[in-house]
2 protein chains.
Amino acid sequence: MAETTKKVFVKSVSRNTLAKQVVERIVQLLVSGQMKPGDKLPPEMELMEELEVSRPVLREALSSLEMLEVITRKTRGGTYFNNKIGSKPFSVMLALSVDNLQAVIEARMALELGLVTIAAEKITDEELQKLKESIDRIAESRDNNYGESDKEFHRIIALSANNEIVEGMIDSLLIAHNQTDRQIKYRERELTVEHHTAIYNALLKRDPHEAFTQMYRHLKYVREKILQTVQSLDF
Amino acid sequence: MAETTKKVFVKSVSRNTLAKQVVERIVQLLVSGQMKPGDKLPPEMELMEELEVSRPVLREALSSLEMLEVITRKTRGGTYFNNKIGSKPFSVMLALSVDNLQAVIEARMALELGLVTIAAEKITDEELQKLKESIDRIAESRDNNYGESDKEFHRIIALSANNEIVEGMIDSLLIAHNQTDRQIKYRERELTVEHHTAIYNALLKRDPHEAFTQMYRHLKYVREKILQTVQSLDF
DNA sequence: TCGGTATATTTGTCTTACAATAATTTTAAA
DNA sequence: TTTAAAATTATTGTAAGACAAATATACCGA
């Protein structure tokens, strides 16, 4: 408590609240390797002393980290670093882009094009099997309400890339244009099945280029379809 | 203050703190279209009343939203919704994956493969010009210290896709394996220039497939190089 | 050994007070 | 009248302390 001769010099670009500094210091525990994902953090009382901040400030920092899904807190159970990146932060952030449908679609495009390429390198036989089943479900659907199976198809591919960082983002993006998706009147089932099958076959051959090519064709179609539909709704 | 007969029924999967609920409600203002990016939020006092929570709880929620770069706060200036998704949240979250270099690289791969494809549809002449300059800087560098120009090349392409959602993520990813990047002893300048030039030419032709192909070739090389290097350091 | 009960630890929420910042208004000078 | 300086005030930032709620742990009895 004696001296407080620090904190003088960085008056950096974006305002530095105490809570932000605390977040930064806690994150550094991971970056510097002092703590690892899954580790338990000290209780708030200890952290307050160690970091020399009041409880509200500390709690603002911890709340933020919890919202970012970097930590998990449980009453009486303590606070732990999570093991991998979560998906909710993305959906929250995506709220800023709700009125920019094109950005959402193209973000999804960008991700899926990359992921299908990597998936072609890695996909397992079981995943291929599940892919096939999701195609069959679409083909057999009598009504035109196969939206869930459609999403499932894309989700399986994303997961096949087996990348913990990007996994969460896909879901948020797929969900994001759910609303629009639902408004597409003519679901052209046969075309969807044809596209999906082509992608599936490319993955079966473990051919990254072909997988990319087929996915690109498919997503260009989806993009056009969605943007068309929205346009006709807005004007 | 009279009755408090609500909040009874959802005891959902992940524990619902008041702060989280407040975040959700504020985000809904955007999703429902009641408020738009750039809009000013009511001062804390009003929000407390409206949402019927104490100030610390409200402030935990606002802190979280600020950390997610969904809002910006300024002392005495008020609180505003931001206009687009930011990049810092990603770098914070990435802290959980510091020890998973492969995931970082492949996340970058996935994103860049998709982005270069979309960039090929959209890139402007000015951006092409800047790309060419960044290649020249690498070619002319006498030492082997062209890391910045290298990153610049990839950054320009990412920005050319002109997608506000993905923009932020690339920076975080490029920075993330900066450390490793720096440890690569043999920077094979000529090969880098050759790869970059091939990508540039594809973009010049606005050829998405060719752009993808060349970027894939390049990134496969980068991935192998980095993983090799790290392996030789760790063991 | 098992099952229930009590205890204590840890996170969750609220109230109040004051500090710091900067937008706004007022005042004074040119 | 315009401009610049100074005072005011609205708004966010930080702190302290108290109590509530939840539950992991220890304890006790059957």
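Side chains are part of it too, since the values below use all heavy atoms of this structure and drop only hydrogens, waters and symmetry mates. Predicted, not measured: the structure shown is a model, and the values here were computed from it. Note on naming: letters A, B, ... go to the chains in the order of the sequence lines (proteins, then strands), and numbering restarts at 1 for each one.
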N/O (side chain, A:Thr79) to phosphate O (OP1/OP2, C:dT10) under 4.0 Å: no

Pair B:Lys84 + B:Glu167: basic N to acidic O under 4.0 Å: yes

Side-chain ion pair, A:Glu121 and B:Arg223, N-O less than 4.0 Å: yes

Would you mind reading off the distance between [X] atom [atom1] and [N] atom [atom2], rounded to a whole angstrom?
X: A:Glu49; N: C:dT10; atom1: CD; atom2: P; value: 12 Å
X: B:Met48; N: C:dC14; atom1: CE; atom2: P; value: 9 Å
X: B:Leu41; N: D:dA10; atom1: CG; atom2: C1'; value: 16 Å
X: B:Leu18; N: D:dA20; atom1: CG; atom2: P; value: 16 Å
X: B:Arg55; N: C:dA17; atom1: CZ; atom2: C1'; value: 11 Å
X: A:Tyr80; N: D:dA24; atom1: OH; atom2: C1'; value: 10 Å

Sugar-phosphate only, base, or nothing, as touched by A:Pro56 at under 4.0 Å among non-hydrogen atoms: base

Proximity to the side chain of B:Lys74 - top-ranked nucleotide from C:dA23, D:dT25, D:dT14: C:dA23

Closest to the A:Thr75 side chain, choosing from C:dT10, C:dC14, D:dA16: C:dT10

Donor-acceptor under 3.5 Å (B:Ser97 side chain, B:Asn100 main chain): no

Gap separating the OG atom of B:Ser149 from the CZ atom of B:Arg155, nearest 0.5 angstrom: 10.5 Å

Residue mapping more 5' on DNA chain D - nearest nucleotide basis, A:Val53 or A:Arg76: A:Val53

Toward the 5' end of DNA chain C, by each residue's nearest nucleotide, A:Glu44 or B:Gly77: A:Glu44

